[in-house]
Every structure is written in C-alpha cells, then in structure tokens.
Asks: 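Take this structure first; my questions come after.
The figures here come from the full heavy-atom set of this structure, side chains too, leaving out hydrogens, waters and symmetry mates. Note on naming: letters A, B, ... go to the chains in the order of the sequence lines (proteins, then strands), and numbering restarts at 1 for each one.
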Amino acid sequence: MTKEISLEHVWVEFGEFTAVQKANLTIAGGEFFSFLGPSGCGKTTLLRCISGFQEPTRGVVKIGGKNMKGVGPNKRPTALIFQNLALFPLRSVADNIAFPLEVRGVDKKTRRKRADELLELIALTGQGDKKISELSGGQKQRVAIARALAVEPDILLLDEPLSALDLKLRQHMRTELRAIQKQVGLTFIYITHDQGEALTMSDRIAVMNKGKVEQIGDGKTIYDHPGTGFVASFVGENNVLEGTVLSNDGTIVKVDTGLGVPFVVANHATEKGALVPGDACQMFIRPEALRIAAGDDDRNRFECNFVTEEFEGNMRHIVLDASGRKLKMSMINDGRNPIDGSAPIALDFAPEMGIALPPGPLASA
Amino acid sequence: MNKRSLSAMVPSLYLVLFFTYLFGPLIIMVITAFNSSGFPRVSPWECFTTDWFGKLAADNKLIEGLGNSLIIGVGVVVVAIPIGLAAAIMLSQVGPKLRASLYTIFIAPILVPGVVIGLSTLIFWDRIGTFFNAPYESFFYSGTFLTIIGQVTFIAAYSMLVFLSRIQRFDHTLTEAALDMGASPTQAFVKVLLPFMAPAIGSATVLAFLASLENYNTTVFTIVSSSTFTTVLSSKVRYGLDPSISAVAVIIIAITLIGAIIFECRNRYMSVGWIKVVADRPALKIATHPGTVAAILAVMVLAAVGFIKSHDSSACQAEILNQKRALQQQLMEQQAISTPAPATPAETTTGDTAPANPFGGANNNIFAPQNLGGSTAEPEPEPAEPQSSSPFGKGNIFAPENLTTPPPDGG
Ligand SMILES: Nc1ncnc2c1ncn2[C@@H]1O[C@H](COP(=O)(O)OP(=O)(O)OP(=O)(O)O)[C@@H](O)[C@H]1O
Ligand SMILES: [Mg+2]
C-alpha cells in the first residue's frame with residue numbers, strides 16, 4: 001500500500017522568483033522523510049507540489065510511479081497537515097475527523113465508528129462532541145493528524161505541525177508521531193526548521209537552502225559528514241575557519257588557517273578536483289570536538305584566550321578568541337572547571353573531526 | 001454637589017432626547033392609527049378606532065402594491081445574494097491590484113443615483129425588447145421584472161459589502177484542507193465556505209429584502225404601469241392621506257418587533273450561560289425556547305387581529321359627529337350675529353313671522369359640508385305641519401333653488 005514518491009528536476013518559479021530549483025529526490029514507501037531548512041527556503045512550496053496545490057513550472061512529481069501532472073489535490077493519495085492545522089472551526093471534533101469520509105459519501109454510522117477509532121488512536125476517546133475551540137494546542141494537533149489518517153492515505157505530509165507547541169508538548173508529540181507512523185506504516189514527509197526534530201524522528205533528511213536541496217542523508221550523515229558549508233553550519237553548531245589548502249591526498253587535507261601549525265583535517269568535498277593546493281577553503285570544527293589539549297601528537301593543536309561562558313545546565317559553552325577569530329567550545333558540565341580565564345588555553349581536536357570544504361554560503365545565525 | 005448632579009443629568013437628558021428623536025415619530029404614527037380622525041393626527045383625539053385596519057385590508061390598490069413589493073423583494077433576494085456572494089468570493093481571491101479596480105466597479109451602482117439606475121434600466125431593456133421585436137406583454141416590459149433587475153444592480157453591491165466583511169476573516173487554507181481531504185470544489189464550497197458565510201447570508205438577505213421593499217426612486221421608473229407598496233403610498237401622499245398609512249406602519253413595526261424578540265430569545269437561549277442554567281430545569285428550558293416565545297407572540301397577534309375585527313367605534317364616532325355639528329352650528333350662530341343676514345332673501349320671507357333665526361332648523365346648516373350636496377344621512381324630523389313657526393322650517397334660504405321660488409308655505 002505504501003507508494004514511492006519521486007521528484008524529478010522539479011522547479012517552481014513565481015514570476016522572477018525561484019522558490020524551488022531542480023529538486024531531485026526519491027522517497028521510499030514507509031519512510032519518515034524530513035525537509036529541513038531555514039524559513040522561506042521553499043519547503044512548503046515543495047510539499048504543495050507533492051500534495052497537488054502547486055504545479056511545478058518544470059519537472060515531474062511521481063507518486064507510485066504515476067505522473068501526477070494535472071491530478072488535483074483531492075485525487076492524490078496524500079493527506080496534508082497544514083502549517084496552521086486548518087481544522088474546521090464550525091464542526092465538532094468527530095465531524096472534523098470524519099470529513100474525508102463524509103465527502104466520499106460514507107454513511108453516518110460508519111463515519112462515527114471510524115471517528116471513534118481514530119479518537120482512540122490519538123488518545124482523545126470520548127471527546128468527539130467537543131468544539132475545536134475547546135481543545136488545547138496539542139489536542140488540535142492530534143485531531144489534525146487523525147483527520148488526515150481517516151481515509152488511510154498512502155502519504156502523510158506534515159508542514160511544521162509542531163512549531164506552535166511548547167517544548168515539552170513538542171517532545172511528547174514527536175514520540176507520538178513517530179509511534180503513529182510505525183503503527184500505521186505510512187510514508188511521512190515532514191517539514192521542519194527545527195533540526196532536533198528532524199534528527200530525532202527522520203529516517204532521512206533533505207537539507208534545503210534558497211530553494212535548493214543541499215544534501216540528503218540520514219541524521220548521522222548530515223551531522224557528521226556535511227556535504228556543503230551551508231549544511232555544516234546550519235545543522236548543529238560549527239566553528240568555521242577560513243584557510244588555504246596546502247596539500248590534499250583525497251581524504252586528508254592540510255589547511256593553513258593562520259592559527260599556528262597547519263591543521264590536518266578530513267576532506268568532505270563531494271566534487272572531484274576540488275580543494276587543490278592553493279585553493280581557498282573553509283574548515284569546520286564542532287564545538288564538542290574541541291577539548292583542552294592533553295599533549296597527544298596526532299591531534300591538531302592551537303592556542304586561544306577565554307572570552308566568556310554560556311551556561312546551559314548540562315553543557316557549558318565556552319566562547320574563545322583565537323588570533324581574532326571567535327570560536328566556541330562545548331563541554332559536559334561534570335562539576336570541574338579546568339579553564340583558567342587569565343592564561344592562554346591550549347586546545348586540540350582529532351583530525352577526522354575537522355571538515356574541509358570548498359568555500360560557499362553559510363547559514364546566517 | 002449641585003453642579004455634579006447637574007453634570008450627571010446631562011447624559012440622561014441626552015439619552016432622553018436621543019430616544020425621543022429616534023422613536024417619537026414611530027410612537028406618534030402608531031397613535032394616529034387608532035384615532036378616528038380622517039387625517040392622521042394625534043390631537044384632537046376623537047375616538048379610539050380600529051377601522052383604519054379594516055380600511056387598509058379593503059384597499060385593493062395598496063394590497064396589490066404590497067403583493068408586488070413582496071414578489072419583487074423575494075426576486076431581488078434570490079438574484080442579488082448569489083451575485084453579491086460571488087463578487088465577494090472573487091474579490092477575496094484576486095491579487096491586490098485587480099481587487100482595487102474590481103471593487104470600484106462592483107461598488108459603483110451604490111454611488112449612482114437611484115433615479116439614474118431606474119431610468120437607464122428602463123431604457124436599456126426597452127431597447128433590447130425592441131431589438132428582439134418583443135411584444136409589450138413580454139418580460140422586457142414587465143414592471144416586476146424591470147424592478148427586480150434595476151434593484152439588483154445596487155442591492156447586490158450592498159450584499160457584497162456584507163459578505164466581504166465576513167469573508168475577510170475566512171481562512172482559505174480551510175478550503176485547501178477540504179480539497180486535500182478529497183472534497184470536490186463544490187463540496188468544499190458547500191461544506192466549508194457556505195457554513196462560514198451563513199450568518200452573513202442571513203443578514204444580507206434581510207438587508208436586501210428591506211432595501212427592495214422600501215426602494216422608491218429606482219422603482220418609480222422601472223415599475224412602469226404596475227405599482228408597489230412604496231409607489232402606492234407616495235401617490236396616496238399626493239392625493240390625500242388617511243390613517244390607514246399609520247395602520248401599515250403599525251403592522252410593519254409589529255412584524256419587526258416580533259422578529260427582533262424571537263431572534264433575541266434565540267440568541268439568549270443558545271448562549272452558553274443559559275444552557276447551563278436550564279440544563280437540569282426542563283420546564284424552564286421549554287418555557288424559554290424561542291418556539292414557545294414565537295407561539296405566545298402568535299397568540300397575541302391573533303388576539304390583536306380578533307380585537308381589531310370586532311371593535312366597533314361607530315357609537316363614539318356618531319357622537320363625535322354630533323359634537324362637531326353642534327360646534328359648527330355654534331360657529332355659524334356667531335357668524336350670524338357679526339354679519340347681518342342678507343337682505344333680499346329676508347325680504348321675500350319676512351312679514352308674518354317673528355324675527356326668526358335665518359339659519360334655523362336642525363337641518364339647515366349650510367356650512368356643514370354634507371349639506372352642500374343636498375342629501376344628508378342623519379334622520380331629520382320632517383316638520384309635522386307646513387305652517388311651522390319658522391318660515392325657514394323646511395327650505396334652506398341659501399339653497400339656490402330656494403332663491404328663485406319662495407317656499408310655498410311661506411306667508
Ligand atoms: N504564491 C507565491 N507567490 C510568490 N512567492 C511565493 C508564493 N509562495 C511562496 N512564495 C515564496 O517562495 C519562497 C518559499 O516559500 P515557502 O512557503 O515554501 O517557504 P518555507 O520554506 O515553507 O518557509 P517557512 O519555514 O517559513 O514556512 C518564499 O520566499 C516565498 O516568499
Ligand atoms: Mg512553510
């Protein structure tokens with residue numbers, strides 16, 4: 001019953017403005033697939049292409065191998081959960097959930113039965129006669145999901161459904177969504193600009209920027225092996241150091257960043273022939289990969305000065321200054337305080353934790 | 001202390017003035033409907049009467065006009081509401097530039113004087129009718145048709161304004177959601193947008209109907225040879241008014257009041273607070289049900305109609321008539337004293353009798369209008385003998401026929 005979705009060279013243009021460019025990806029049936037990207041990068045637009053509210057200006061959307069061109073949203077096996085939920089305020093909870101059945105001419109009794117089943121699934125048993133305005137934010141959320149599930153669509157499209165919720169509820173809903181997805185086994189296409197959400201829930205993630213899909217991969221790949229500077233700087237936190245390539249043997253790159261000795265880091269460039277000696281280069285190092293130098297020779301080592309500290313409870317984020325460049329280091333708050341603010345601090349990191357990429361746009365803070 | 005109480009009085013004084021201004025004319029109108037005086041007025045109060053309602057019911061022209069008005073009103077609602085709704089939906093979906101210019105076009109009929117709309121409707125359809133060589137009985141020349149068309153041009157714009165203010169609050173993703181859930185565009189319209197617009201449709205219907213009912217300046221042209229309530233009323237104003245117009249006002253006010261009362265009862269009945277109050281009080285729940293209220297009002301209306309039908313004020317009216325007559329007589333007596341009686345007729349009849357009152361006799365009131373025609377309704381005692389003590393016992397000296405031939409019984 002699950003169907004594969006493929007986007008083939010999909011472009012969406014609004015007049016002069018390109019909202020989506022050359023999106024090329026395949027989502028397997030039953031997958032939990034997320035689109036992650038900053039606001040305005042074209043996530044909703046891409047989702048509207050899949051659900052049928054937007055015809056791509058170029059390219060093809062296929063669902064289950066079938067070209068969807070000219071197929072209206074009411075004829076596609078997709079159900080969209082809108083960014084603002086779009087529950088019908090004049091209908092009761094049960095009538096909202098049964099709406100997809102109602103328009104298909106299902107009789108009242110069957111409708112009511114199905115609504116009750118779904119209410120049980122979303123843990124709102126017996127609340128079918130309530131008005132929408134009488135529900136809490138999280139309950140509305142669940143009603144929207146139940147409504148989308150009522151006719152058992154093949155694909156559930158969710159547009160930032162948790163963005164309006166507070167942190168606790170969001171975490172709770174994440175687990176619930178994941179549980180529902182496992183339980184009913186449908187394809188979830190999930191949009192978010194919250195990377196924690198994307199990383200915890202998704203089988204695979206597509207990171208988008210300015211209408212372009214920058215990288216597709218599972219959470220670990222996206223985080224540990226970013227393919228572009230944008231992905232490296234958008235997903236999680238990263239220190240970026242501009243430098244020049246000294247040598248490149250394909251996997252290991254030697255970069256001069258002006259911080260003492262050249263750094264030896266991993267080559268993440270996807271294109272062949274990139275990062276030849278003499279090229280400009282961006283080097284990324286995660287705050288949690290930095291540690292106070294202990295004297296191992298195989299690690300890259302440099303010195304910097306303490307600027308300030310951001311305390312987060314379980315983590316401590318130390319802001320440092322390395323020859324005029326601002327760096328961040330994160331360490332677990334284990335009760336010790338090895339940093340003496342007055343003297344220069346020597347830091348080091350493992351070469352495989354450093355990332356060398358060709359220069360490109362970064363995510364703005 | 002004094003000052004403060006004075007300044008506290010100002011708002012209440014203002015309120016009194018305001019409500020007087022608002023309701024004063026209505027109250028006076030209602031009172032005149034029950035005064036037997038032939039012209040709608042409150043004073044002098046003559047008799048309490050319900051005859052004007054009877055007169056109204058018997059006024060075929062007015063009833064026919066009212067019937068036409070109702071037909072036209074329904075027709076206008078049926079045509080104008082869908083047009084207004086469609087225009088509002090369209091305006092809510094086009095881009096801002098197009099919206100501004102479309103809005104101006106849609107709203108233009110409101111700004112055009114009704115007279116112009118009436119005339120141009122008449123001319124336009126006449127041309128079309130001529131073009132198709134349509135006979136005069138065809139709808140191109142039918143007053144009802146032309147009036148509906150003419151009124152719709154601006155009433156549709158009114159209703160569009162009502163719809164616009166509502167549709168601006170509509171979340172268009174709801175329609176998208178419905179489509180996404182598998183609804184056809186028609187289903188999305190009927191099941192999502194229409195229920196949302198229902199209150200606006202209700203108020204626009206009432207508005208359109210009333211606007212149609214009370215329209216005069218467009219209707220007076222488009223109605224051609226037929227008539228509506230307003231055109232009949234206006235011709236009445238021109239050719240003589242009587243309190244049956246006040247009776248119309250009473251009926252309209254009563255209908256409005258009844259509608260408002262039932263509507264308000266329904267609102268209160270549906271309010272969350274009241275639902276809680278009556279939850280465990282079934283008797284109260286039934287008593288305050290808008291249906292119960294409507295039934296009570298219906299009984300009251302029936303009672304009022306029964307009263308109006310059965311009330312008889314003829315006795316009082318006869319008395320008033322007599323009083324008037326007496327008054328007039330008195331007036332004439334005064335006049336007779338101040339002006340000497342005309343000589344010529346007096347000469348022909350004087351001589352044998354005492355200086356009698358030249359206007360003597362119960363039936364000789366020359367200034368009473370009913371006497372001018374010569375025939376009078378009231379019973380007059382025929383003089384028993386021709387040799388009455390008064391020389392003018394029978395004839396009216398000022399009656400023209402009496403001038404030439406002296407009364408045979410006289411002298
Ligand atoms: N109908 C439209 N006409 C013109 N431009 C549009 C239209 N819809 C979207 N855009 C533009 O396309 C871009 C992408 O919009 P989209 O709604 O897909 O962003 P998004 O990634 O969903 O952002 P967010 O996270 O804020 O929801 C935006 O710059 C937006 O202004
Ligand atoms: Mg969006």
Asks: Is it the side chain or the backbone of Leu80(A) that comes within 4.5 Å of chain B heavy atoms, both, or neither?
Replies: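 Both parts, backbone and side chain.
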Asks: Side chain, backbone, both or neither: which part of Ala178(B) has a heavy atom under 4.5 Å from chain A?
Replies: both
Asks: Indicate the atoms forming the closest heavy-atom contact of Ala177(B) with Arg147(A), along with that distance.
Replies: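 For Ala177(B) and Arg147(A), the tightest heavy-atom pair comes out as CB-NH2, 3.9 Å.
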Asks: Based on non-hydrogen pairs under 4.5 Å, which of Leu90(A), Leu101(A), Ile81(A) is most in contact with chain B?
Replies: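 Of the candidates given, the most pairs with chain B belong to Leu90(A).
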Asks: For the NZ atom of Lys191(B) and the CZ atom of Phe99(A), what is their distance to the nearest 0.5 Å?
Replies: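 Atom-to-atom, Lys191(B):NZ and Phe99(A):CZ are 6.5 Å apart.
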Asks: Check each atom of Leu87(A) against the heavy atoms of chain B and say whether the ones under 4.5 Å are side chain, backbone, both or neither.
Replies: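 Backbone only.
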Asks: Could you tell me which of Leu85(A), Leu157(A), Thr78(A), Asn84(A) has the largest number of non-hydrogen atom pairs under 4.5 Å with chain B?
Replies: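 Of the options given, most contacts go to Asn84(A).
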Asks: Which pair of non-hydrogen atoms, one from Leu174(B) and one from Phe88(A), has the smallest distance, and what is that distance?
Replies: O-CE2, 3.4 Å
Asks: Hey, is CD on Glu120(A) packed in by over 12 heavy atoms from elsewhere, all under 6.0 Å?
Replies: no
Asks: With a 4.5 angstrom heavy-atom cut-off, which part of Asp180(B) approaches chain A: side chain, backbone, both or neither?
Replies: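 When you check distances to chain A, atoms from both the backbone and side chain of Asp180(B) fall under 4.5 Å.
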Asks: At a 4.5 Å cut-off on heavy atoms, which part of Glu176(B) comes close to chain A: side chain, backbone, both, or neither?
Replies: both
Asks: With a 3.5 Å distance limit and no angle check, can you tell me whether Asn74(A) reaches the backbone of Ala183(B) through a side-chain donor-acceptor pair?
Replies: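 Pair found, side chain donor or acceptor close to backbone of Ala183(B).
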Asks: Of the backbone (N, CA, C, O) and the side chain (C-beta and beyond), which part of Arg76(A) lies under 4.5 Å from a heavy atom of chain B, both, or neither?
Replies: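 No part of it gets close to chain B.
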Asks: Has Arg104(A) got more than 12 heavy atoms of other residues, nucleotides or ligands less than 6.0 Å from its CZ?
Replies: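 Atom CZ in Arg104(A) is crowded, with more than 12 foreign heavy atoms closer than 6.0 Å.
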